[in-house]
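What you see below is based on every heavy atom in this structure, not just the backbone, and it leaves out hydrogens, waters and symmetry mates. This is a predicted model, so every value here is computed, not measured. Convention: sequence-line order gives letters A, B, ...; per-chain numbering from 1.
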Protein chains: 2
Amino acid sequence: MRPNRPVVLDSFRKPAFLKRMRDAKPNKEKSPKKPAAAERPAGVRRPDAARIPGASVHGSLASEIGLRIVRGDYPPGTILPNEAKWSETFSVSRSAVREAIKMLMAKSLLASRPKIGSWVEPKERWNLLDRDVLAWYATSPDREVFLKTVQEFRHIIEPEATAFAAMRRTGEQMAEISQACREMGAATSLQERTRADTRFHLAILRASGNDLLVPLGVLIESAFDHLFAYTTRAVDDLNHAQKLHEAIEKNIRLQRPDAARAAVRKLLANTDHVIKSR
Amino acid sequence: MRPNRPVVLDSFRKPAFLKRMRDAKPNKEKSPKKPAAAERPAGVRRPDAARIPGASVHGSLASEIGLRIVRGDYPPGTILPNEAKWSETFSVSRSAVREAIKMLMAKSLLASRPKIGSWVEPKERWNLLDRDVLAWYATSPDREVFLKTVQEFRHIIEPEATAFAAMRRTGEQMAEISQACREMGAATSLQERTRADTRFHLAILRASGNDLLVPLGVLIESAFDHLFAYTTRAVDDLNHAQKLHEAIEKNIRLQRPDAARAAVRKLLANTDHVIKSR
DNA sequence: GAACGCAATATTGTCTGACAATACACGTCA
DNA sequence: TGACGTGTATTGTCAGACAATATTGCGTTC
């Protein structure tokens, strides 16, 4: 009764022969992690896995599995343990596992087929610019390299974005930028300052008038998180940086694209220097 | 017996008061879509919703809902119909709905809380650089604007990425680039040519040595999809473009960053021109 | 002995039904 | 009028079952 199966034009990406690592535990040995949990008292649930209290089960699961993948426990091409296995490992229902896996599939970390299982997609498919993936990615290799990569990316993006902002910002967008800049100067704690700093750069991205630049804000947030956590800054450093920010604000306000671009380049060079002398 | 609930430090993002559109149908009226489906004969399932044969139910659902959101049927802040409603609307189980919603949550299109429901996140949170979101986004506004935005983005990214590639490409990466370039020249159909073209640009991104540039390949793919679909190109156009590509390939091969960057700028200018005279 | 076809099988996909956790909404009471 | 407790709607989680599917290995045939 079903109509003829239409021919799929696009050539199917066959999973080919994927490495079998089905029951292989992740590289690190975690044997003593589940001590005498067998026959745990009834009523006590979920003895394993970091259960963050405020978070949902599937959310935590997705983080756990996602982190493992990005960290390299399951290299691309590897077939993951099946859903039942995860379910057992973490003492959660299969539904929760499936929802977690669906989230990772949405980020292109995984793909799956019936009878095959779920496998790790090649790294170039990963959506590294996703907020979560980026966070996982940021924790795994040495932060040094990560920060360098992000910073390099900022060099590519931000000068041009700022130039566009100088050309196209609306009054409202300008107000956001100016306010963030002012709040940076008025901040009394480094944390407060960093927050304002982040808002400043994000506001510029939004003002650039190119929708596709906005999602790159996660990179800036990530960079600042790490900068905040791993660098301490002297007072005159901060004063100098503040002046650089104000120069950017001014040039956007006066709608001078080239000057704005140059000002951002200066700021980034300054940031580079701070990182290097970390 | 549960330990005291730890204080959540990070200030909670309260959903505040979200617009209530729970039972509001999407803007477009679709009333006569479900004709006399009441009491459908047993065994016949899923009369509603585009059921793409090869795709999974949750996948199709995610596409359908995601498209509606990106298209603007449910503006940011809107609370979506609840899971039971979707389940009924599309005649699928709640599990399928939930998995679809989880996928959209992973792309930051949605967020949800018990008792509240799922609401559309503010647009600046959307992960527009996600392959699916981008595809949905590409269909909704007039393509003109979309293509312009993507093209502008390419102007920001590709020259710098190519310069980096010229500095850091490995031999293997160079081989990929060269091969794609050759295949472009040898292509016998426009489709084949476009595929090789895409591969060429993606290979350059990979060769840039910056992991964060790689996911931007989806933009290039998207741009080429649309260029392929909406422009026809004359033969000497193609010859000219081929020479521009070969210039890029050569400069990467000879490791001349500045020349490579300039060559890419030329190619992009040419593409701009093709688009304008579309 | 090799090639082909077919069935067994393992895994994801989907459905159903139930209960828990939660936070808004309302009515009650001081 | 305001504070407080209760009702209730919605997502979150669980459990168990069956369907769909593609690989794997076996058997059959040439």
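Nearest nucleotide to the side chain of K115(A), out of dT12(C), dC14(D), dT11(C): dT11(C). For H58(A), counting side-chain heavy atoms from C-beta on, the closest listed nucleotide (dT12(C), dA23(C), dG12(D)) is dG12(D). Counting only heavy atoms from C-beta on, P114(B) has its side chain closest to dG12(D) among dT13(D), dG12(D), dT11(C).
A perpendicular orientation is assigned to the rings of W86(B) and Y74(B), their planes being inclined by more than 60° (bins at 30° and 60°).
Going from atom CG of L110(B) over to atom P of dT11(D) covers 11 Å, rounded to whole Å. Atom CH2 in W86(A) sits roughly 17 Å away from atom P in dT13(D) (whole-Å rounding). Summarising the geometry, the separation between CD1 on I79(B) and C1' on dA9(D) is reported as 12 Å, rounded to the nearest angstrom. The distance from atom CH2 of W119(B) to atom C1' of dA23(C) is 11 Å, rounded to the nearest whole Å. Rounding to whole angstrom units, CZ of residue R113(B) and P of dT8(D) are separated by 24 Å. Distance CD (E83(B)) to C1' (dT16(C)): 15 Å, rounded to an integer number of Å.
Residues W126(B) and D211(A) fail the side-chain proximity criterion, which asks for heavy atoms closer than 4.5 Å. Looking only at side-chain heavy atoms (C-beta outward), Y137(A) and L128(A) come within less than 4.5 Å of each other. At a threshold of 4.5 Å between non-hydrogen side-chain atoms, the residues H201(A) and F224(A) count as touching.
Applying the side chain to side chain contact (heavy atoms under 4.5 Å, CB included) criterion to A135(A), with sequence neighbours excluded, gives no partner residue.
Salt bridge E176(A)/R199(A): absent, no basic N to carboxylate O contact under 4.0 Å. For the pair E183(B) and R195(B), the salt-bridge criterion is not met [side-chain N within less than 4.0 Å of a carboxylate O].
Although no hydrogens or angles enter the test, the distance criterion places no donor-acceptor pair under 3.5 Å between the side chain of S91(A) and the main chain of S87(A).
Within the structure, a side-chain polar atom (N or O) of S112(A) is placed less than 4.0 Å from OP1 or OP2 of dG13(C).
Only A96(A), listed by number, bring a heavy atom of residues 96-106 of chain A to less than 4.0 angstrom from any atom of DNA chain D.
Over its full length, the helix from dG1(C)-dC30(D) to dA30(C)-dT1(D) turns its helical axis through 0°, comparing axes from the five pairs at each end and rounding to 10°.
The list of salt bridge (charged side-chain N to carboxylate O under 4.0 Å, His left out) pairs with a residue in residues 214-225 of chain A, not counting sequence neighbours, reads R131(A)-E221(A). For residues 99-108 of chain A, the side chain to side chain donor-acceptor pair (under 3.5 Å) pairs, not counting sequence neighbours, are H58(A)-E99(A), E99(A)-R98(B), K107(A)-D130(A), K107(A)-D132(A).
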What pairs of nitrogen or oxygen atoms, one from the protein and one from nucleotides 17-19 of chain C, lie under 3.5 Å apart?
{"residue": "dA18(C)", "atom": "N6", "partner": "R94(B)", "partner atom": "NH1", "Å": "3.4"}

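Checked by atom type, the side-chain pair T188(A)/E192(A) shows a donor-acceptor distance below 3.5 Å.
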